[in-house]
Amino acid sequence: MPISNSPQPATLDDAPLISRILADAFDDDPMMRWFFPSDASRKEGLGRYFSTLFTRQYVHHGICERTDAAAAFWVPAQARAKAVPDAETIQELQAILGDRAAAFREAAQAAAEHAPQEEHWYLAVVGADPAARGQGHGANLLRSGLAQADAAGMPVRLESSKPDNLPFYEHFGFSVQEEARLPGGGPVLWAMRRAPRDAA
């Protein structure tokens with residue numbers, strides 16, 4: 001049976017599938033390798049990390065969609081205040097990150113200092129299983145979220161630490177606004193923005 005690349009709303013029941021997909025998708029991501037440097041434990045750490053973000057934060061306060069091989073978490077403008085991790089979530093993430101928790105905290109603080117003031121939608125996470133890349137899973141999720149942002153008349157922002165992904169986002173109308181290196185010798189992070197388009 002072929003796997004479906006049609007976006008559908010993600011629910012809490014999808015947590016095991018989503019955490020597995022995103023652990024595979026972000027295994028070669030420079031920022032995630034910075035936070036999870038051990039090859040031996042990265043997959044397991046990433047799975048727990050994405051499961052925590054999904055179940056404690058984005059599924060409740062964001063718009064989460066998935067295909068059979070990809071997932072995306074969006075934060076609409078009106079949900080930004082609520083989508084900030086609470087104290088318990090931060091504690092859980094720090095336990096997962098172990099001795100990399102301080103680097104994660106510094107990166108989060110640096111990102112907060114550069115946060116744009118304009119109202120916008122935020123693409124927090126999008127990732128596809130590497131085995132299904134090129135089959136339209138990530139692109140379809142991107143199109144779905146962008147259509148919703150366009151309908152709301154909102155620009156969209158994201159960050160990426162993977163230079164190979166920049167042309168993919170540029171294809172969908174994003175442009176690089178800022179380039180910043182994570183504190184403590186971390187990787188470069190590119191902040192990107194896409195202006196709203198007519199929802200016709």
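Quick note: numbers below take in every heavy atom, side chains included, and nothing from hydrogens, waters or symmetry partners. Worth saying up front: this structure is predicted, and the values here are computed from it rather than measured.
- A donor-acceptor contact shorter than 3.5 Å is absent between the side chain of His120 and the backbone of Ala77.
- Connection of Phe104 to Val188 is not established within any shared hydrophobic cluster, with ILVMFWY side chains joined at heavy-atom distances below 4.5 Å, either directly or through further cluster members.
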Using residues 127-136 as the side-chain source, report each donor-acceptor pair under 3.5 Å to any protein atom, sequence neighbours left out, with the distance given to one decimal.
residue : atom : partner : partner atom : Å
Asp129  : OD1  : Ala131  : N            : 2.9
Arg133  : NH2  : Ala25   : O            : 3.2

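- When all heavy atoms of Ser160 and Asn165 are compared, the pair lying nearest together is OG-CB, 3.8 Å.
- Residues Phe26 and Phe50 bring their aromatic ring centres within 6.0 Å.
- Other members of the hydrophobic cluster containing Ile21, listed by chain and number, are Leu17; membership follows side-chain contacts under 4.5 Å among ILVMFWY residues, whether direct or relayed.
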Test log, rule side-chain contact (heavy atoms from CB on, under 4.5 Å), inputs Leu142 and Leu123:
CA-CA 9 Å; Leu142 207 50; Leu123 176 55; 3.4 Å; yes

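- The two residues Trp34 and Pro183 have their closest heavy-atom pair at CZ2-O, 3.8 Å.
- There is no path of hydrophobic side-chain contacts, each under 4.5 Å, that joins Leu166 to Tyr122.
- Taking 4.0 Å as the cut-off between side-chain N and carboxylate O, Arg194 and Asp150 count as a salt-bridged pair.
- Between Gln57 and Thr55 the shortest side-chain heavy-atom distance does not fall below 4.5 Å.
- By the ring-ring contact (aromatic ring centres under 6.0 Å, His included) test, Phe73 pairs with Phe54, Tyr58, sequence neighbours left out.
- There is a path of hydrophobic side-chain contacts, each under 4.5 Å, that joins Leu158 to Val126.
- A distance-only check finds no donor-acceptor pair linking the side chain of Asp27 to the backbone of Asp24 [under 3.5 Å].
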Distance-only donor-acceptor hits, side chain of residues 84-91, under 3.5 Å, sequence neighbours excluded:
residue : atom : partner : partner atom : Å
Asp86   : OD1  : Glu88   : N            : 3.3
Asp86   : OD1  : Thr89   : N            : 2.8
Asp86   : OD1  : Thr89   : OG1          : 2.7
Thr89   : OG1  : Arg56   : NE           : 2.8

Go through Arg33 and Asp39 one step at a time and tell me if the side-chain contact (heavy atoms from CB on, under 4.5 Å) criterion holds.
CA-CA 9 Å; Arg33 287 186 161 235; Asp39 289 341; 4.2 Å; yes

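- In this structure, Arg80 contributes its side chain and Val75 its backbone to no donor-acceptor pair below 3.5 Å.
- Judged by distance alone, the side chain of Asn140 and the main-chain N or O of Pro7 form no donor-acceptor pair under 3.5 Å.
- Connection of Met32 to Tyr169 is not established within any shared hydrophobic cluster, with ILVMFWY side chains joined at heavy-atom distances below 4.5 Å, either directly or through further cluster members.
- Of the possible polar contacts, none joining the Arg20 side chain to the Gly47 backbone as a donor-acceptor pair under 3.5 Å is found.
- The list of salt bridge (Lys or Arg N to Asp or Glu O under 4.0 Å) pairs with a residue in residues 160-176, not counting sequence neighbours, reads Asp28-Lys162.
- Side chains of Leu46 and Leu22 form no contact here, defined as non-hydrogen atoms less than 4.5 Å apart.
- Residues passing the side chain to side chain donor-acceptor pair (under 3.5 Å) test with Ser161 are Asp29, sequence neighbours excluded.
- In this structure, the side chains of Glu159 and Met31 stay at 4.5 Å or more apart for every pair of heavy atoms.
- Between the side chain of Arg42 and the main chain of Pro37, a donor-acceptor pair closer than 3.5 Å is present.
- By the criterion of side-chain heavy atoms lying less than 4.5 angstrom apart, applied directly or through intervening Ile, Leu, Val, Met, Phe, Trp or Tyr residues, Phe35 is grouped together with Val125 in one hydrophobic cluster.
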Using side-chain contact (heavy atoms from CB on, under 4.5 Å), reason through Lys43 and Phe36 one step at a time and then give a plain yes or no.
CA-CA 9 Å; Lys43 267 296 167 57; Phe36 297 95; over 6 Å; no

Begin with the C-alpha distance, continue with both residues' side-chain angles, and end with the deciding distance and a verdict on side-chain contact (heavy atoms from CB on, under 4.5 Å) for Glu65 and Gln8.
CA-CA 5 Å; Glu65 294 186 324; Gln8 55 184 296; over 6 Å; no

